[in-house]
S.K.: 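Starting off with a structure, shown below.
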Amino acid sequence: MMSSDETRDGVSLTNLDQPLFEEADATKRDLVDYLDAVRDRILPQLRGRPLSVVRTVRGQAPFMQKNLPKYAPSWIESVSMWAEASRREVAYAICNDRRTLLWFANQRAIEYHVTLVTAEHPDQQTHMVLDIDPPEGDRFDTVVGAARLIRQALADSGLSGAVKTSGAKGMHIFVPVQGPVPIEDVAAATRAVAARAERLDPALATTAYIREDRNGKVFLDSTRAGGATVVAAYSPRVRPGAPVSWPVDWEHLDDVHPRDFTVRTVAGLIRDGDPWAEQMPHAQRLPVDLIEEGHTIPVARVQAMHEGKRRARAARAAADEPS
DNA sequence: GGTTGAT
DNA sequence: ATCAACCAACGCGTG
DNA sequence: CACGCG
Ligand SMILES: [Mn+2]
Ligand SMILES: [Mn+2]
């Protein structure tokens, strides 16, 4: 039987009838067909941006891949960037066309994460992103409530954004930024928006980076900034049912759940439209007062990392001097 | 998924 | 030739 | 280099 293999746009596609991953309730063919069906919508989200993917192979645990493998065809675009963490050059793929998208699909790349800067202008963040993460055992309606807090905080600063499910458990709000603005100013403005939203309903939402300090509240995550990556709109996720990150109309927030949108179910919702592009407002200038307030807010991560060091030190001391 | 090293 | 083992990540701030 | 978190 050759029916499990085919060639599309010159790209070999293999094992199409295999399950995509455990609990995907979808085949590799479903992934390929989905990505090909939304290519005109997802490619603009990936275009020109260093790409990271999450792959699932042969039942192994999913892994993130940043460096483009040596065996990748030479026609795949890439940009090399110095990685401070590993002190080496990492060749990030740039996915600008259907062939590259199909090649990654055949690699079982499920998730497509991109940087908030382009390869061409690595010092200019194109969007401010508010990431909303529910607590364990969440109800999605708390995420919806938090999204409304962010929307209000933005509106209070004369800003507006577009909202999508992350495909996992939370939501993402994107505000296109009129530049050029230093990355650290966008990061500061992000912190300020999160802090203002938290103030609107401190019983519902928190900006505490340390999980233990969140007390069951929704996390308004302001760390999707600078060199961070965010899963692209329309990207599938390695989650039960193979859901996809999907745009939501602000007026329909109460009517949706992340699992409504999967690689197998959204075909009918697409038609020929591009809801993410259609709902994205024009680029906006970030108000100075927002940026200034943000610079007065300590970066949440720092406290968390100090706490981590403290615990590690304590653990080493306990190992050195057993009671 | 692809490559490498041992049978 | 077959096959099991192995690989596939970063940023952020600080000390 | 590792820490917490995504
Ligand atoms: Mn999130
Ligand atoms: Mn997050």
Side-chain angles (χ1 to χ4, degrees), chain A residues 4-5 11-16 18 20-21 28 31-32 49-73 76 79-93 102-111 113-117 122 125 129-136 166-172 183-184 186-188 190-191 194 206-214 219-231 237-238 245 297-316:
Chain A
S4 184
D5 291 11
V11 179
S12 295
L13 304 169
T14 57
N15 300 315
L16 292 173
Q18 288 181 356
L20 190 52
F21 54 85
K28 189 175 171 185
L31 174 74
V32 169
R49 296 172 190 271
L51 175 70
S52 305
V53 295
V54 175
R55 300 173 55 198
T56 60
V57 174
R58 289 197 295 244
Q60 296 172 206
F63 60 93
M64 181 168 282
Q65 176 178 296
K66 290 175 179 288
N67 201 26
L68 187 63
K70 296 269 197 300
Y71 58 76
I76 293 191
V79 57
S80 270
M81 302 181 63
W82 179 256
E84 204 55 57
S86 54
R87 297 200 61 247
R88 62 164 185 163
E89 291 285 338
V90 173
Y92 288 87
L102 289 171
W103 183 81
F104 273 107
N106 190 57
Q107 289 284 299
R108 288 178 184 262
I110 316 290
E111 304 191 359
H113 300 243
V114 287
T115 57
L116 295 169
V117 300
Q125 195 172 322
V129 174
L130 278 300
D131 173 26
I132 305 170
D133 297 327
E136 295 301 319
S166 74
K169 296 179 173 181
M171 303 193 93
H172 296 152
I183 282 178
E184 58 268 30
V186 182
T190 309
R191 291 198 294 277
T206 176
T207 55
Y209 187 71
I210 298 174
R211 290 169 165 228
E212 218 178 80
D213 297 343
R214 292 181 196 164
F219 179 36
L220 307 180
D221 183 354
S222 60
T223 68
R224 301 299 92 196
T229 62
V230 181
V231 74
R237 304 302 302 272
V238 182
S245 178
I297 300 172
V299 179
R301 257 190 309 260
V302 174
Q303 182 198 347
M305 288 183 286
H306 275 79
E307 178 61 16
K309 283 183 182 303
R310 193 195 59 73
R311 282 209 286 265
R313 208 180 309 124
R316 274 194 303 275

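In what follows, chains carry the letters A, B, and so on, assigned in the order in which the sequence lines appear, proteins first and then strands, with residues in each chain numbered from 1.
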S.K.: Measure from the side-chain heavy atoms of Val90(A) and tell me the nearest of dA8(C), dC10(C), dG11(C).
M.R.: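 Comparing dA8(C), dC10(C), dG11(C) against the side chain of Val90(A), the answer is dC10(C).
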S.K.: Going by the rule side-chain contact (heavy atoms from CB on, under 4.5 Å), which residues pair with Asn67(A) if we only count those two or more places apart in sequence or in a different chain?
M.R.: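 Once residues adjacent in sequence are excluded, the partners of Asn67(A) under the side-chain contact (heavy atoms from CB on, under 4.5 Å) criterion are Arg88(A), Val90(A), Ala91(A).
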S.K.: Which whole number of Å gives the distance between the C1' atom of dC3(D) and that of dA8(C)?
M.R.: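 Nearest-Å result for dC3(D) against dA8(C) at atom C1': 24 Å.
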S.K.: Report the distance from atom CZ of Arg108(A) to atom C1' of dC7(C), rounded to the nearest whole Å.
M.R.: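 Atom-to-atom, Arg108(A) to dC7(C), this comes out as 17 Å.
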S.K.: If a pair means Watson-Crick or G-U wobble with both distances below 3.5 Å, what does DNA chain C look like in dot-bracket form, with | marking bases paired to a different strand?
M.R.: |||||||..||||||
S.K.: Starting at CZ of Arg224(A) and ending at P of dC12(C), how long is that distance when rounded to a whole Å?
M.R.: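 It works out to 11 Å between those atoms.
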S.K.: Could you tell me which residues satisfy side-chain contact (heavy atoms from CB on, under 4.5 Å) with Glu84(A), sequence neighbours excluded, listed by chain and number?
M.R.: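 Residues passing side-chain contact (heavy atoms from CB on, under 4.5 Å) with Glu84(A): Trp82(A).
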S.K.: Just the rounded figure in Å: distance from C1' of dC5(D) to CG of Leu220(A).
M.R.: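 These atoms are roughly 16 Å apart.
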S.K.: Just the rounded figure in Å: distance from P of dG6(D) to CG of Leu130(A).
M.R.: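 From Leu130(A) CG to dG6(D) P: 15 Å.
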S.K.: What is the minimum heavy-atom distance between Val79(A) and Pro50(A), and which atoms define it?
M.R.: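 The pair with the smallest heavy-atom distance is CG1-CG, 4.1 Å.
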S.K.: When the P atoms of dA4(C) and dG6(D) are compared, how many Å lie between them, rounded to an integer?
M.R.: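 After rounding to an integer number of Å, I get 38 Å for this pair.
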S.K.: Would you measure the distance from the C1' atom in dA2(D) across to the matching atom in dA9(C) and give it in whole Å?
M.R.: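 It comes out at 15 Å once rounded to the nearest Å.
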S.K.: What residues, two or more places apart in sequence or in another chain, satisfy side-chain contact (heavy atoms from CB on, under 4.5 Å) together with Pro122(A)?
M.R.: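 Residues passing side-chain contact (heavy atoms from CB on, under 4.5 Å) with Pro122(A): none at all.
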S.K.: Would you classify Arg87(A) as touching base, sugar-phosphate or nothing, given that sugar-phosphate means primed atoms plus P, OP1 and OP2, and contacts are heavy atoms under 4.0 Å?
M.R.: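 Result for Arg87(A) = nothing.
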S.K.: Would you say Arg55(A) reaches dA9(C)'s phosphate, i.e. side-chain N/O to OP1/OP2 under 4.0 Å?
M.R.: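 No, Arg55(A) has no side-chain N/O under 4.0 Å of OP1/OP2 on dA9(C).
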S.K.: Just the rounded figure in Å: distance from C1' of dC5(D) to CG of Asp213(A).
M.R.: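 Answer to the nearest Å: 13 Å.
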S.K.: Would you mind telling me which of dC5(D), dC10(C), dA9(C) lies closest to the side-chain atoms of Met64(A)?
M.R.: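 Selected nucleotide: dA9(C).
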S.K.: Determine the contact category for Arg58(A): base if any of its heavy atoms lies under 4.0 Å from a base atom, sugar-phosphate if only primed atoms, P, OP1 or OP2 are that close, otherwise nothing.
M.R.: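 Base, at least one base heavy atom under 4.0 Å.
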S.K.: Counting side-chain heavy atoms from C-beta on, which of dG6(D), dC10(C), dG11(C) comes nearest to Lys66(A)?
M.R.: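 Shortest atom-to-atom distance from the side chain points to dC10(C).
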S.K.: Considering residues at least two apart in sequence or located in another chain, which fulfil the side-chain contact (heavy atoms from CB on, under 4.5 Å) criterion with Ser12(A)?
M.R.: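 Partners of Ser12(A) under the side-chain contact (heavy atoms from CB on, under 4.5 Å) test: Thr7(A).
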S.K.: Could you tell me how far apart Arg191(A) (CZ) and dG13(C) (C1') are, to the nearest whole angstrom?
M.R.: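 Going from Arg191(A) (CZ) to dG13(C) (C1'), I get 12 Å.
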S.K.: Restricting to side chain to side chain donor-acceptor pair (under 3.5 Å), what partner residues turn up for Ser245(A), sequence neighbours left out?
M.R.: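 Once residues adjacent in sequence are excluded, the partners of Ser245(A) under the side chain to side chain donor-acceptor pair (under 3.5 Å) criterion are Lys164(A).
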S.K.: Which nucleotide in the set dA9(C), dG6(D), dC10(C) lies at the smallest distance from any side-chain heavy atom of Gln65(A)?
M.R.: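 The listed nucleotide nearest to Gln65(A)'s side chain is dA9(C).
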S.K.: Look at all strands and tell whether Glu184(A) reaches a base, only sugar-phosphate, or nothing, counting heavy atoms closer than 4.0 Å.
M.R.: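 Result for Glu184(A) = nothing.
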S.K.: The criterion is salt bridge (Lys or Arg N to Asp or Glu O under 4.0 Å); which residues satisfy it with Arg237(A), sequence neighbours excluded?
M.R.: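 Partners of Arg237(A) by the salt bridge (Lys or Arg N to Asp or Glu O under 4.0 Å) criterion, ordered by chain and then number, come out as Glu111(A).
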S.K.: Side chains of Pro62(A) and Phe21(A): does their closest heavy-atom pair fall under 4.5 Å?
M.R.: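 A side-chain contact under 4.5 Å is absent here.
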S.K.: In whole Å, what is the span from the NE2 atom of His113(A) to the C1' atom of dC10(C)?
M.R.: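 Atom-to-atom, His113(A) to dC10(C), this comes out as 12 Å.
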S.K.: Do Val54(A) and His113(A) have side chains that get closer than 4.5 Å, going by heavy atoms?
M.R.: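 Heavy-atom side-chain distance check passes, below 4.5 Å.
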S.K.: Please identify each residue that fulfils side chain to side chain donor-acceptor pair (under 3.5 Å) with Ser52(A), with sequence neighbours left out.
M.R.: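 Ser52(A) satisfies side chain to side chain donor-acceptor pair (under 3.5 Å) with Lys66(A) only.
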S.K.: If you look at every strand shown and take non-hydrogen atoms under 4.0 Å, does Ala83(A) touch a base, only sugar-phosphate, or nothing?
M.R.: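 Answer is sugar-phosphate: Ala83(A) comes under 4.0 Å of backbone atoms only.
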S.K.: CD1 of Ile210(A) versus P of dC5(D): gap in Å, rounded?
M.R.: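 Going from CD1 in Ile210(A) over to P in dC5(D) covers 7 Å.
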S.K.: So what does Thr229(A) touch, heavy atoms closer than 4.0 Å: a base, only the sugar-phosphate, or nothing?
M.R.: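 Counting heavy atoms under 4.0 Å across all strands, no contact is made by Thr229(A).
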S.K.: Please tell me if the side chains of Leu20(A) and Ile110(A) come closer than 4.5 Å, counting only heavy atoms from C-beta onward.
M.R.: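 In contact.
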S.K.: Is any N or O donor-acceptor pair between the side chain of Gln60(A) and the base of dC7(C) shorter than 3.5 Å?
M.R.: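 Indeed, a donor on one side and an acceptor on the other fall under 3.5 Å apart.
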S.K.: Is Ser86(A) near enough to dC10(C) that one of its side-chain N or O atoms lies under 4.0 angstrom from OP1 or OP2?
M.R.: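 For Ser86(A), the contact criterion (side-chain N or O under 4.0 Å from OP1 or OP2 of dC10(C)) is met.
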S.K.: Please find the earliest and latest nucleotides of DNA chain B, in the 5' to 3' direction, that have an atom within less than 4.0 Å of any heavy atom of chain A.
M.R.: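 Contact boundaries, 5' end first: dG1(B) to dT3(B).
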